[in-house]
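Written below as structure tokens is the structure these notes are about.
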2 protein chains.
Amino acid sequence: MLMQSAVPSRIAKDAAVTKPGHVPTATEDAIDMMGAPMSFRRNAEIYGEDEPADYLYKVVSGAVRTYKLLSDGRRQIGAFYLPGDVFGLESGSVHSLSAEAISDTKVLVIKRRALVALAARDNGVASQLWTITARELQRAQDHVLALIKTAEERVVGFLLEMASRVRGGNQIDLPMSRQDIADYLGLTIETVSRTMTHLEDTAAIELPSSRKVVLRNRSALGRLTG
Amino acid sequence: MLMQSAVPSRIAKDAAVTKPGHVPTATEDAIDMMGAPMSFRRNAEIYGEDEPADYLYKVVSGAVRTYKLLSDGRRQIGAFYLPGDVFGLESGSVHSLSAEAISDTKVLVIKRRALVALAARDNGVASQLWTITARELQRAQDHVLALIKTAEERVVGFLLEMASRVRGGNQIDLPMSRQDIADYLGLTIETVSRTMTHLEDTAAIELPSSRKVVLRNRSALGRLTG
DNA sequence: CGACCATTTGATATGGATCAAGCGATGTGG
DNA sequence: CCACATCGCTTGATCCATATCAAATGGTCG
């Protein structure tokens, strides 16, 4: 009966909670120690827009997308979160985007209030909370910049970003669909697909399957970034 | 000789530093008290991309734009700052955008380190620094959302946003040029101009001059927001 | 008044959207 | 184990919103 709510020390230690080659900070440690493991199936909602932002999440395995819907059904994906990434942190009391699991996903969940309370005593934690938010800000600003570029520049930028975030050098294993990519980049699925095909024709990338991309020519790709 | 660097207590008290109807917080008080007044002429650079982010700014009068340039000259404006707004706060040590005065502008300048030091002792200040960053994040996310909309939706959204930020009800006095608006919205100057004209033809707005806009029909405008 | 710069207006071009099949992988029931 | 439905992706044909190119108009300031 109590098994589910027991302190998840073993899981927290074992799980691939940290990004490759990343030194954990006080806050991340706190999340790892205090965070409760939780699982979500593919396409399950983790939280909804306008829900109280009482928790903070760290991806253990799988992948997460955050998004907003416009009244007419257009969807803008705000970000993708991969293992080691923290999401759901907002200064306000409600989430301004929804979050869903892209594939079956494990996360650590921690009460926001607990972390804020800790931050009141520990400046290191306080500054980490700030840093996480600032990193999100940076990401959002880069996203804005991406959205004024051409379709090819957006797709190439996306592939380079993903390559830098997953281990595996030039091999990328995309957890998300073409539709997800399109909604992240402000393009249609057809344009994303065509652009990928064109990059393959150009020998800039290889597409062993639709979800696997190999970067063949980084310098050529770099030049296509705008 | 020392006049320029004297504590600017009188100016800080007198100036229209706070936004209309806004209750100042501990941090904002700190900026107002400790901030040194400084003036910039129209189009003068306040700081450049990749410069050390040693200072934080609060607009007293005038207006500021932050922006990034792409190698081929495309410019993306990140945000506009009006009297009472704080800008230049980054968690990292360098600015990721440049900042320029749109018109002749007065700001209060404060050393980042001083504020961070204060935050280490005062949780209220620490939490305010976080809140300011989180507000920027919110703004950037809204900006991303705007950039997937149609030209008309972007322009209308921009006008409504500006109306909510300046006093004057339905009368907006735009400090920025059409080019600035275009570079903020990811459109061309011609498209912005045409869209404005179309809104005027539709009786949604009035354009007494190119820099003055009167919102004539808010509910109609609201419907055009997407 | 005349020069200059910002803005508007007009004509045309085009990148990406939309509409519409086709195709390959995965899974399901007979 | 195979027919066939389903789903995600690609490919093709056409359209359209916005960019681009070009010129006219309107302030502003010496």
Side-chain angles (χ1 to χ4, degrees), chain A residues 42-43 63 65 70 72-77 102-104 146-159 172-202 205-213 224 226, chain B residues 41-43 63 65 70 72-76 102-104 146-159 172-202 205-213 224 226:
Chain A
R42 190 168 116 88
N43 293 328
R65 63 179 167 250
L70 296 183
D72 64 355
R74 278 174 289 178
R75 182 181 67 156
Q76 176 61 42
I77 289 187
I102 292 175
S103 49
D104 291 351
L147 292 182
I148 67 160
K149 299 187 184 179
T150 65
E152 184 167 73
E153 288 167 346
R154 293 185 214 188
V155 171
V156 169
F158 171 75
L159 292 177
I172 315 172
D173 228 313
L174 296 174
M176 71 289 286
S177 69
R178 291 285 185 272
Q179 188 63 63
D180 285 339
I181 298 172
D183 289 348
Y184 177 69
L185 297 178
L187 299 171
T188 59
I189 188 177
E190 293 96 331
T191 298
V192 172
S193 182
R194 276 189 249 271
T195 305
M196 295 266 206
T197 307
H198 178 243
L199 289 172
E200 191 177 29
D201 292 347
T202 303
I205 67 172
E206 225 172 294
L207 285 167
S209 81
S210 71
R211 299 292 184 105
K212 284 193 199 305
V213 183
L224 294 176
Chain B
R41 291 220 307 277
R42 190 169 117 88
N43 293 328
R65 62 179 166 249
L70 296 182
D72 65 355
R74 278 173 290 179
R75 182 181 68 157
Q76 176 61 42
I102 291 176
S103 49
D104 293 349
L147 292 182
I148 67 159
K149 299 187 185 179
T150 66
E152 184 166 73
E153 288 168 347
R154 293 185 214 189
V155 171
V156 169
F158 171 76
L159 292 177
I172 315 173
D173 228 316
L174 296 173
M176 72 289 286
S177 69
R178 291 286 186 271
Q179 187 64 61
D180 285 339
I181 298 171
D183 289 349
Y184 177 69
L185 297 178
L187 299 170
T188 59
I189 188 178
E190 293 96 331
T191 298
V192 172
S193 182
R194 275 189 249 271
T195 305
M196 294 264 205
T197 306
H198 178 245
L199 290 172
E200 191 177 29
D201 292 348
T202 302
I205 66 172
E206 226 172 294
L207 285 167
S209 82
S210 72
R211 300 292 184 105
K212 285 191 199 306
V213 183
L224 294 176

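Each chain gets a letter, A, B and so on, in the order the sequences are listed, and its residues count up from 1. Just so you know, these numbers come straight off a predicted model, no measurement behind them.
- In this structure, N43(B) places its CG atom 12 Å from C1' of dC5(C), rounding to the nearest Å.
- Between the CD atom of E152(A) and the P atom of dT14(C) there is a distance of 17 Å, given to the nearest Å.
- Side chain of R211(A) to backbone of D173(A): no donor-acceptor contact under 3.5 angstrom is found.
- Atom CG in L147(B) sits roughly 13 Å away from atom P in dT18(D) (whole-Å rounding).
- Taking a cutoff of 4.0 Å between a charged side-chain nitrogen and a carboxylate oxygen, D180(A) and R65(A) qualify as a salt bridge.
- Applying the 6.0 Å contact sphere to CZ of R42(B) captures no more than 12 heavy atoms from other residues, nucleotides or ligands.
- If you check residues 181-196 of chain B against DNA chain C, the residues with a heavy atom closer than 4.0 Å are E190(B), S193(B), R194(B), listed by number.
- Residues of residues 205-213 of chain B having a heavy atom closer than 4.0 Å to DNA chain D: none are found.
- Separating the CG atom of L199(B) from the P atom of dT7(C) is a distance of 17 Å, rounded to the nearest angstrom.
- Going from atom CZ of R42(B) over to atom C1' of dA6(C) covers 10 Å, rounded to whole Å.
- A side-chain donor-acceptor contact under 3.5 Å links T195(A) to the backbone of T191(A).
- Rounding to whole angstrom units, CZ of residue R178(B) and P of dG27(D) are separated by 13 Å.
- A donor-acceptor pair under 3.5 Å links the side-chain atoms of Q76(A) to the main chain of D183(A), judged by distance alone.
- Atom-to-atom, CD1 of I148(B) to C1' of dA17(D) comes out at 16 Å; the value is rounded to the nearest Å.
- Judged by distance alone, the side chain of R75(A) and the main-chain N or O of L70(A) form no donor-acceptor pair under 3.5 Å.
- In this structure, E152(B) does not pair ionically with R194(B), as no charged nitrogen and carboxylate oxygen lie closer than 4.0 Å.
- Using a distance-only test at 3.5 Å, with no hydrogens or angles considered, a donor-acceptor pair links the side chain of E200(A) to the main chain of L207(A).
- For the pair T202(B) (side chain) and H198(B) (backbone), a donor-acceptor distance under 3.5 Å is present.
- Across the protein-nucleic acid pair, H198(B) atom NE2 and dT8(C) atom C1' stand 16 Å apart, rounded to whole Å.
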